[in-house]
*Asks:* 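Below is one structure. I have some questions about it.
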Number of protein chains: 2
Amino acid sequence: METESKNFLAFTLDPKSGVPFYKQIILQIEMAIADGRLNCGDQLPTVRGLAVDLQINPNTVARAYSELEIRGILLSQQGSGTFISDKKIKLNEIERERILAELTRTFITKAASYGFTLNEIINYMGEFENETEKGDKENDTNDKK
Amino acid sequence: METESKNFLAFTLDPKSGVPFYKQIILQIEMAIADGRLNCGDQLPTVRGLAVDLQINPNTVARAYSELEIRGILLSQQGSGTFISDKKIKLNEIERERILAELTRTFITKAASYGFTLNEIINYMGEFENETEKGDKENDTNDKK
DNA sequence: ATTAATGTATCAATGTTCTAATACAATAAT
DNA sequence: ATTATTGTATTAGAACATTGATACATTAAT
């Protein structure tokens, strides 16, 4: 059945960005998972289908899928297609922690180069937190679905 | 008095890690800033001094320094040396607060784009603080003659 | 002015990443 | 069984990253 569009997620590539094609694909898949456009069990565009749509080589799509499969995000089945894995949530947490560590270290370094201490930064972010709390109040940080 | 070690921060390189030398240097400088072993105005090892100590080419050290200078972390002065940027001296309290706000907002925005909530970030930075506070490390950075 | 210290620039050698051409293999549909 | 659809593997070449040899430029000290 070929009812759906090949690229129903509207993936796009920016050749001028300097970011490798396969990484752009990975990022957009991650985003789609993060904002709920892709859920456990969903099928992704086929390697060839997406390759045609993006006008790149199927291998480049396959590489993006392969890397996400190694991370446990996707599951590829020859003959059937590529799907969002069910166990993605746990492995995603590890990736999330790594990314947060990286972002935080970079930020602290930069702030420290301006002479701000870690305590000072944390205190300020506490104030920041209070400011934004009067706006929206639907942050459940520590539980997962 | 010229007896201070060239590599008083005890930088090391791991050739087997797969991480480029210049990136290892950057990371160790960032860490030293984050945990307070390096502060505004401090001089870093000279390009040649550190290169000799690490047994690599001066260009590799220079590249690490250069990248940190582009990011505003370091300041290199030909003939004098390389120093941790000391922007805070020129700043009054208002400017200082404005910069911290700017840095913080940028960081939070970026982290939020990865799906991290403000609470999550603050919690993580709290852990970071605890880690670096137990900082009576095994460093005898002073000369021991 | 000279020298010694510092960072900077240029270029080449080597290794790695990225993408594509092409062929192969497994599964589903018929 | 045959065919269409799917992912997979191999290889090659271009682009980029990494490091080092070497020479240059600026500043501080004398």
Side-chain angles (χ1 to χ4, degrees), chain A residues 1-8 11 13-27 29 41-85, chain B residues 1-8 11 13-27 29 41-85:
Chain A
M1 57 196 284
E2 41 175 326
T3 63
E4 295 212 22
S5 159
K6 280 174 181 171
N7 184 5
F8 55 91
F11 289 152
L13 294 179
D14 177 5
K16 289 174 287 188
S17 71
V19 180
F21 289 160
Y22 82 97
K23 280 185 182 171
Q24 294 188 41
I25 295 172
I26 288 175
L27 192 63
I29 292 173
D42 285 353
Q43 179 169 10
L44 279 84
T46 67
V47 164
R48 277 175 183 72
L50 188 53
V52 168
D53 192 272
L54 297 179
Q55 298 180 288
I56 59 177
N57 192 280
N59 272 333
T60 305
V61 178
R63 173 165 182 185
Y65 285 5
S66 167
E67 198 152 308
L68 286 170
E69 185 172 18
I70 290 173
R71 289 198 225 162
I73 311 287
L74 300 184
L75 207 68
S76 288
Q77 295 177 10
Q78 215 164 248
S80 323
T82 302
F83 304 84
I84 304 290
S85 166
Chain B
M1 54 189 292
E2 45 88 17
T3 59
E4 182 143 355
S5 160
K6 281 174 181 170
N7 182 6
F8 56 90
F11 289 151
L13 294 180
D14 178 5
K16 290 175 286 187
S17 70
V19 181
F21 289 161
Y22 81 97
K23 280 185 183 169
Q24 295 187 40
I25 295 172
I26 288 175
L27 192 64
I29 293 174
D42 285 354
Q43 178 169 11
L44 280 82
T46 67
V47 164
R48 277 176 182 73
L50 187 54
V52 168
D53 192 272
L54 297 179
Q55 297 180 290
I56 58 177
N57 192 281
N59 272 334
T60 305
V61 178
R63 175 167 180 183
Y65 285 5
S66 166
E67 201 152 306
L68 286 169
E69 185 172 20
I70 290 173
R71 284 158 54 182
I73 310 293
L74 299 185
L75 205 68
S76 288
Q77 294 177 7
Q78 215 163 245
S80 322
T82 302
F83 304 84
I84 304 292
S85 174

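Labels below follow one simple rule: chain letters A, B, ... track the order of the sequence lines, proteins then strands, and each chain is numbered from 1.
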*Asks:* Can you see if the side chain of Tyr22(B) gets near the phosphate of dT18(D) - specifically, an N or O under 4.0 Å from OP1 or OP2?
*Replies:* yes
*Asks:* Is any side-chain N or O of Thr60(B) closer than 4.0 Å to OP1 or OP2 of dG20(D)?
*Replies:* yes
*Asks:* Could you check whether any side-chain heavy atom of Val47(A) comes within less than 4.5 Å of a side-chain heavy atom of Pro58(A), counting everything from C-beta outward?
*Replies:* yes
*Asks:* Taking side-chain contact (heavy atoms from CB on, under 4.5 Å) as the test, write out the residues that go with Thr60(B), two or more places apart.
*Replies:* Phe21(B), Tyr22(B), Ile56(B), Asn57(B)
*Asks:* How would nucleotides 4-16 of chain D be written as a contact map, 5' to 3', with B for base contact, S for sugar-phosphate-only contact and - for no contact, using protein heavy atoms under 4.0 Å?
*Replies:* --BBSBB------
*Asks:* Could you state the atom-to-atom distance from CG of Leu50(B) to C1' of dA5(C) in whole Å?
*Replies:* 16 Å
*Asks:* Take the protein atom CZ of Phe21(B) and the nucleotide atom P of dT16(C), then report the distance between them rounded to whole Å.
*Replies:* 12 Å
*Asks:* Take the protein atom CD1 of Ile26(B) and the nucleotide atom C1' of dT19(D), then report the distance between them rounded to whole Å.
*Replies:* 14 Å
*Asks:* Answer yes or no: is there a side-chain heavy-atom contact under 4.5 Å between Leu13(A) and Ile25(A)?
*Replies:* yes
*Asks:* Can you sort out the partners of Ser76(A) under side-chain hydrogen bond (donor to acceptor under 3.5 Å, both in side chains), two or more places apart, ordered by chain and number?
*Replies:* Thr82(A)
*Asks:* Roughly, in whole Å, what's the span from CD in Glu67(A) to P in dT19(C)?
*Replies:* 11 Å
*Asks:* Can a side chain N or O of Lys23(B) be found less than 4.0 Å away from OP1 or OP2 on dT18(D)?
*Replies:* yes
*Asks:* Does Glu67(A) use its side chain to pair, donor to acceptor, with the backbone of Ile26(A) at less than 3.5 Å?
*Replies:* no
*Asks:* I'd like to know if the side chain of Gln43(B) reaches the main chain of Ser80(B), judged simply by a donor and an acceptor atom lying under 3.5 Å from each other, with no hydrogens or angles considered.
*Replies:* yes
